[in-house]
Each structure stands twice: as structure tokens, then as C-alpha cells.
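Data block below; observations after.
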Amino acid sequence: MSQETGIWLFGYGSLVWRPEFAHVERRPAHVDGWTRRFWQGSTDHRGVPDDPGRVVTLIAEPGARCHGVAYLVAPATAAEVFAGLDHRERGGYARVELQVHFPSSSARPDGATSAPARMYLATHDNPNYLGDAPLPAIAQQIARCRGPSGTNVEYLLRLADALRDLGAVDDHVFELERLVRAHASL
Ligand code: BEZ
């Protein structure tokens, strides 16, 4: 994909269900070698500094595949869109470049099956990184936390619904959804 056509952005968290930025195409897509985990602390969206919520980041894992959505951002709006997203994700995420793949059901009109894309990644050295924990403990934290953007439960359930809508399976997300629904009687 040339810069004249636009810049692809891969969303695997809230960007799957709440992009809130200008884009000219939206396509189901996946990235290989990455797995989605609720390992990033959120002190500014789904939690507060004294009680951080948990949101997703991607962890490198050979053989893994993460399903999400690719958005094509037009050149005319790219500077504004990425400045806005950099601000929104300033709580520990860095922008990285990688290759996204379009499944055959979502192939582009020009036949392209992959494209270079940007995504936001929380690395383990950022101050809000929480890392791994037993799933029941992560589920309890999600069930409890809320922040300026809403409850952590809403974030998890919307992500799980959006992945189902895409026909994607994510055992980590779906097991957390099951645990949180049981814990909160949802
Ligand atoms: C995402 O949906 O891809 C995303 C959103 C916020 C931070 C990192 C990733």
C-alpha cells in the first residue's frame, strides 16, 4: 500500500469496536506472531492510578495469530488522526509498524492480501505494564475497575462481542468474558 493511497492501522482492542477516527476502509485482518493479552494497566481510561484497570496489548509469540480490524486512513487526515490516537494512547503505548493480512473473505479490490500497517503496542517496560496474572485475578480486577472512559467490564464485553462479529476466536478474551460474567452475574 503506497503512502499516496493511505496508511493502514491495525486495531485489536478498543479500536475494533470504537475507532472514533476518520477512515476510508475497514477490513477484518490479522497479524501473525502476536497474541492478545489483558496485560496492560489502564490508569486513564478503564481504571484510575490507585486502581488500574486492565486492557489489551499484543505479546510476541511464534505461531500465534491475532484477529482484529485494519483501517485505511486517508493521506489528507493521517497527521490529525495519528496525533489524536497518540494522545489517546499516551498511557504506555508506542506506535510500531508490522504487516497485516486480509483473509480471502476480506480481500482488497486490487487483490492485495497483506499490507504494511501501524499499530499501538504496550511494551513491558512502560510504567503501566502489569503483565501476566492468573485469569481469575485478572477477571476480578476487570469486574471491579472503572475509569473516565467507563467500566473495565464494558471494554472486555464489547471486545468479545466485536470478535464474535468478526468470526474470530480468542481463548484468552472469551475465558475472561466467561469468568467476569460469572463473577458479576451478567
Ligand atoms: C487497539 O485497539 O488496537 C488499541 C487501542 C488502544 C491501545 C492499543 C491498541
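Start at 1 and go down the list; that is how both ligands and their atoms are numbered. From a predicted model like this one, the values you see are computed outputs, not experimental measurements.
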Check: Considering only protein heavy atoms, which is closest to atom 8 (C) of ligand 1, and at what distance to one decimal place?
Finding: Y93 CE2, 3.1 Å
Item checked: Per-atom contacts of ligand 1 with S14, taking only distances under 4.0 Å to non-hydrogen atoms -> 2 (O), 5 (C)
Notebook entry, point to check: Have D86 and Y120 got a donor and an acceptor in their side chains that come within less than 3.5 Å?
Noted result: yes
Notebook entry, point to check: Do W34 and F10 have their ring centres less than 6.0 Å from each other?
Noted result: no
Margin query: Below the 3.5 angstrom mark, is there an N/O of V16, backbone or side chain, next to an N/O of ligand 1?
Written below: no
Notebook entry, point to check: Which residue supplies the protein heavy atom nearest to atom 3 (O) of ligand 1, what is that atom called, and how far is it?
Noted result: Y12 N, 2.8 Å
Check: Near R146 CZ, under 6.0 Å, is it more than 12 heavy atoms from other residues, nucleotides or ligands?
Finding: no
Margin query: Within ligand 1, which atoms have a heavy atom of Y120 less than 4.0 Å away?
Written below: 8 (C), 9 (C)
Check: Is the backbone of R54 close enough, under 3.5 Å, to the side chain of N152 for a donor and an acceptor to pair up by distance?
Finding: yes
Check: More than 12 non-hydrogen atoms from neighbouring residues, nucleotides or ligands closer than 6.0 Å to CG on D171, yes or no?
Finding: no
Notebook entry, point to check: How far is atom 2 (O) of ligand 1 from its nearest protein heavy atom, and which residue and atom name does that atom have?
Noted result: G13 N, 2.6 Å
